[in-house]
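Within every chain, numbering begins at 1; the chains are lettered A, B, ... in the order of the sequence lines, protein sequences first and strands thereafter. Because the structure is a prediction, the values reported are computed rather than measured.
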Number of protein chains: 2
Amino acid sequence: MIQGHAVRLFTERGYDATTVTEVAEAAGVSPMTVYRHFPTKEDLVLVDRRDRLVAERIAASPPDGPLVRRIGRALVEAAALLAGGGGDGGGDGGGDGGDGDPERDRDLLLARLRLMISTPALRARHLDSNVALQQAIVDALGAEAAGPEAAFRAHAAAGACLAALHTALVRWAEEDGRADLPELIAQALAAAFGDDAVAGADGADR
Amino acid sequence: MIQGHAVRLFTERGYDATTVTEVAEAAGVSPMTVYRHFPTKEDLVLVDRRDRLVAERIAASPPDGPLVRRIGRALVEAAALLAGGGGDGGGDGGGDGGDGDPERDRDLLLARLRLMISTPALRARHLDSNVALQQAIVDALGAEAAGPEAAFRAHAAAGACLAALHTALVRWAEEDGRADLPELIAQALAAAFGDDAVAGADGADR
DNA sequence: ACCCCAGTGGTAGCGACTACCACTTTGCGA
DNA sequence: TCGCAAAGTGGTAGTCGCTACCACTGGGGT
């Protein structure tokens, strides 16, 4: 609820031009309560609890085919799950488990995504959260135990896949969420790794 | 010079535990002078003027082959240039054009890289600077003018390549700069995109 | 001699964030 | 019913990053 007011104010007045105190006043609480729930101002926009979902999806995937295919497929599936299930999408930057109005949830997610893309501080933090997700993916792949070389390759593959995911998210936000997110992700993966690398992941044309 | 003291203090005491005032005192100037030269505390570690070099290298490359090969080759070449020329490496986070002791320059770069990797705030900023580099690459490719679809694919490819570059930089820092950076970059690209995608650049020039 | 100006320093202030402590409410067992 | 612990909320004071605004100094050109 605090988050809703925060995102609204940030969108209206700009992130830097809005103080935490103003957010607190809008939400009807004291500034301290805001800091209690959101350790930093940036967390008012960036909250993700999706990392585990993607990582679990990868750990559960059959260990066949190249790394990027496994990771890419997991990303597409996770996005499809989130987009279809709760109106929430994106492997990173997912919001609360909003069980409320799905339409409203998607608008909130879009607003947050736009802030994340346009505000340098938020964008930086968002990209950094991808590092944590990347580590989770590498862990889920069990690559760390297979030696430093395997871990290195897994990190490279996971990082590249997440970069493609980020590109898809940016594009999705630019189109106001009208496009199909899983398909966009598949297209980004195909653009980066070649069409064959993600074939079979989804009905991605091209 | 201020930067040298800053990196040393940050490494000794930790980034967050060191105030800008302490850096200023160590450098023998006032805090304001520090802010004059480095707009933010993070800039004391993150300085990059390399973006243009990579972008120019891409703009000058022949427009044949897939995007990732063109971008990957440019990254490897840029790293080879910087590593061999001035003891400076990395498409991002490059330092001043240190014309002094190359040994000293490399150590400074390594220290900065380690800080960038281990400190969340610095890591976030560093990753964000990659976004600017990504945009420069897309511009250099002239993809923006070729329509939104081409731009989208170029962004996905560039982002993925930069993620691989980042992985290589992390690995390079972990090995204390003993490994050959261009080769590491080529390996990371190969791990992400397949050996054939960078066949032209893989270990060719070293 | 003059002035110009780039570099430096000081002061005051804002905003993010963090201690440390006090108060109220809630739920639960005695 | 009482007492009590736990959780949530709020206040105060302070640090630190950072940004105004203004004053000072020193070297170079006229």
Undergrad: For B:Ser30 and C:dT8, is the shortest distance between a side-chain N/O and OP1 or OP2 below 4.0 Å?
TA: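 No, no such contact exists.
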Undergrad: A:Leu9 CG to C:dG15 P: how many Å, rounded?
TA: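 Computing the A:Leu9:CG to C:dG15:P distance gives 15 Å.
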Undergrad: If you round to the nearest 0.5 Å, how far is CG of B:Leu115 from OG1 of B:Thr11?
TA: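 Result: 4.0 Å between the selected atoms.
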Undergrad: Please list, in numerical order, the residues of residues 34-44 of chain A that have a heavy atom closer than 4.0 Å to any atom of DNA chain C.
TA: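 Within this stretch, A:Tyr35, A:Pro39, A:Thr40, A:Lys41 sit under 4.0 Å of the strand.
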Undergrad: Are A:Gln135 and A:Asp139 close enough that a side-chain donor and a side-chain acceptor fall under 3.5 Å?
TA: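 Yes, A:Asp139 and A:Gln135 have a side-chain donor paired with an acceptor closer than 3.5 Å.
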Undergrad: Using modelled atom types only, decide if a donor and an acceptor are shared between the side chain of B:Glu22 and the backbone of B:Thr19 within a distance under 3.5 Å.
TA: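 Such a contact is found between B:Glu22 side chain and B:Thr19 backbone.
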Undergrad: In terms of the nearest nucleotide of DNA chain C, which residue is placed more toward the 5' end: A:Asp16 or A:Met32?
TA: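 Its nearest nucleotide being more 5', the pick is A:Asp16.
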Undergrad: What is the ring orientation for A:His126 with A:His166, classed by angle as parallel under 30°, tilted 30 to 60°, or perpendicular over 60°?
TA: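 Tilted.
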Undergrad: Between atom CD in B:Glu25 and atom C1' in C:dG9, what is the gap in whole Å?
TA: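 For the pair B:Glu25 CD and C:dG9 C1', the rounded distance is 14 Å.
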Undergrad: Could you state the atom-to-atom distance from CD1 of A:Ile2 to P of D:dG8 in whole Å?
TA: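 Going from CD1 in A:Ile2 over to P in D:dG8 covers 12 Å.
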Undergrad: Given D:dG17, D:dG10, C:dG9, which nucleotide is nearest the side-chain atoms of B:Thr19?
TA: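 Between D:dG17, D:dG10, C:dG9, the one nearest the side chain of B:Thr19 would be D:dG17.
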Undergrad: Under 3.5 Å, is there a donor-acceptor pair linking the side chains of A:Arg8 and A:His5?
TA: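 Yes, a side-chain donor-acceptor pair sits under 3.5 Å.
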Undergrad: State, with a plain yes or no, whether a side-chain heavy atom of B:Met116 is found less than 4.5 Å away from one of B:Glu42.
TA: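 They are not in side-chain contact.
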